[in-house]
Number of protein chains: 2
Amino acid sequence: MGCLRWGAVTIDHDAGEPVWQQMVRVIRDMITSGEVPKGKLLPSVRTLAQRYEVSDGTVKHALAELRQEGLVETVNGRGVYVR
Amino acid sequence: MGCLRWGAVTIDHDAGEPVWQQMVRVIRDMITSGEVPKGKLLPSVRTLAQRYEVSDGTVKHALAELRQEGLVETVNGRGVYVR
DNA sequence: ATTGATTTGTTCGTATGTATT
DNA sequence: TAATACATACGAACAAATCAA
């Protein structure tokens with residue numbers, strides 16, 4: 001499994017699919033591709049938002065979804081870890 | 001004045017009266033019944049929306065009405081206070 | 001012990017698009 | 001046409017936790 005470079009995936013605001021769902025897939029791909037190994041921190045919400053040109057809240061929405069699925073885990077003041 | 005339990009009032013989506021107006025009455029009752037005293041925070045928009053099974057925007061619509069009437073006051077990032 | 005920077009979660013106001021009535 | 005209702009999306013603000021200087 002290769003390594004997904006930043007910007008390899010982009011967000012389409014005009015796609016029928018909601019942006020937050022696209023972000024779920026983007027982050028999931030970061031994990032499954034091995035770009036962010038188990039136990040490691042994801043980029044910060046702010047970083048992801050800037051990188052993919054979406055809002056703060058949209059990234060948080062996506063992360064909340066992945067957290068509920070048990071794919072990531074949050075530590076307040078630290079960041080979001082891959083489980 | 002008694003205490004209104006959660007769910008004591010329900011929203012009827014099939015009533016002729018708009019849902020947002022029903023929500024105005026629900027929130028007003030929370031205040032006049034003393035469930036939420038002066039100076040205290042109302043439940044969050046999200047909480048109210050889930051509790052009464054209406055959309056986010058509908059709760060906000062109702063709150064905008066009550067705000068204009070001077071019954072509640074908003075502090076961004078905190079919540080909606082009873083005046 | 002304090003301060004400042006970073007991070008997440010939560011909060012609300014506003015705006016847009018779609019569907020329904 | 002207009003009002004209603006929902007889902008989505010953005011922007012901004014606040015509190016609390018963490019960490020480093």
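We name chains A, B, ... by the order of the sequence lines, and we start the count at 1 in each one.
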Trainee: Report yes if the side chains of A:T74 and A:L63 come closer than 4.5 Å at any heavy-atom pair, otherwise no.
Mentor: no

Trainee: Send over the distance from A:L48 CG to C:dT7 P, rounded to a whole Å.
Mentor: 11 Å

Trainee: Mapping A:V45 and B:G77 onto DNA chain C by nearest heavy atom, which one lands closer to the 5' end?
Mentor: A:V45

Trainee: State which of D:dA5, D:dA9, C:dT7 makes the closest approach to the side chain of A:W20.
Mentor: D:dA9

Trainee: Kindly point out which of D:dC6, C:dC12, C:dT7 is positioned nearest to the side chain of A:N76?
Mentor: C:dT7

Trainee: Output the rounded distance in Å from CG (B:D12) to P (D:dA5).
Mentor: 11 Å

Trainee: Side chains of B:P43 and B:M30: closer than 4.5 Å at any heavy-atom pair?
Mentor: yes

Trainee: Within the side chain of B:H61, is there an N or O that forms a donor-acceptor pair under 3.5 Å with the backbone of B:V19?
Mentor: no

Trainee: Is the distance from OP1 or OP2 of D:dT4 to the nearest side-chain N or O of B:H13 less than 4.0 Å?
Mentor: no

Trainee: Should the heavy atoms of other residues, nucleotides or ligands under 6.0 Å from CD of A:Q68 be counted, would the total exceed 12?
Mentor: no

Trainee: Expressed as a whole number of angstroms, how long is the span from B:R46:CZ to D:dT8:C1'?
Mentor: 14 Å

Trainee: What integer distance in Å separates A:I11:CD1 from D:dT8:C1'?
Mentor: 14 Å

Trainee: Quick check on the hydrophobic clustering: are B:Y81 and B:V36 connected, directly or via other members, by side-chain heavy-atom contacts under 4.5 Å?
Mentor: no

Trainee: Is any side-chain heavy atom of A:I31 closer than 4.5 Å to a side-chain heavy atom of A:L66?
Mentor: no

Trainee: To the side chain of B:T74, which of C:dG13, D:dA5, D:dC10 is closest?
Mentor: C:dG13

Trainee: Looking for any heavy atom pair under 4.0 Å, which part of the strands does A:G57 touch: base, sugar-phosphate only, or nothing?
Mentor: nothing

Trainee: Which sits closer to the 5' end of DNA chain D, B:V75 or B:D56, going by the nucleotide each is nearest to?
Mentor: B:D56

Trainee: Return the value, rounded to whole Å, for the distance between atom CD of A:E53 and atom P of D:dC10.
Mentor: 10 Å

Trainee: Between the base of C:dT8 and the side chain of A:K60, is there any donor-acceptor pair under 3.5 Å?
Mentor: no

Trainee: In whole Å, what is the span from the NE2 atom of A:H61 to the P atom of D:dG11?
Mentor: 17 Å

Trainee: Please check the phosphate of D:dA9 (OP1 and OP2 only) for any side-chain N or O of A:T58 closer than 4.0 Å.
Mentor: no

Trainee: Let's see if you can work this out: which of D:dA5, D:dC10, D:dA17 has an atom nearest to the side-chain heavy atoms of B:S55?
Mentor: D:dA5

Trainee: Could you state the atom-to-atom distance from OH of B:Y81 to P of C:dT11 in whole Å?
Mentor: 12 Å

Trainee: Tell me whether the OP1 or OP2 atom of C:dT8 has a side-chain N or O from A:R78 closer than 4.0 Å.
Mentor: no

Trainee: Give me the one residue out of B:V80, B:L48, B:V45 that meets side chain to side chain contact (heavy atoms under 4.5 Å, CB included) with B:K60.
Mentor: B:V45

Trainee: Mind listing the residues from residues 62-71 of chain A sitting with a heavy atom below 4.0 Å of DNA chain D? Number order is fine.
Mentor: none

Trainee: Just by modelled atom types, is the A:D12 backbone N or O under 3.5 Å from a matching donor or acceptor in the A:Q22 side chain?
Mentor: yes

Trainee: Would you mind reading off the distance between B:L42 atom CG and C:dT11 atom P, rounded to a whole angstrom?
Mentor: 12 Å

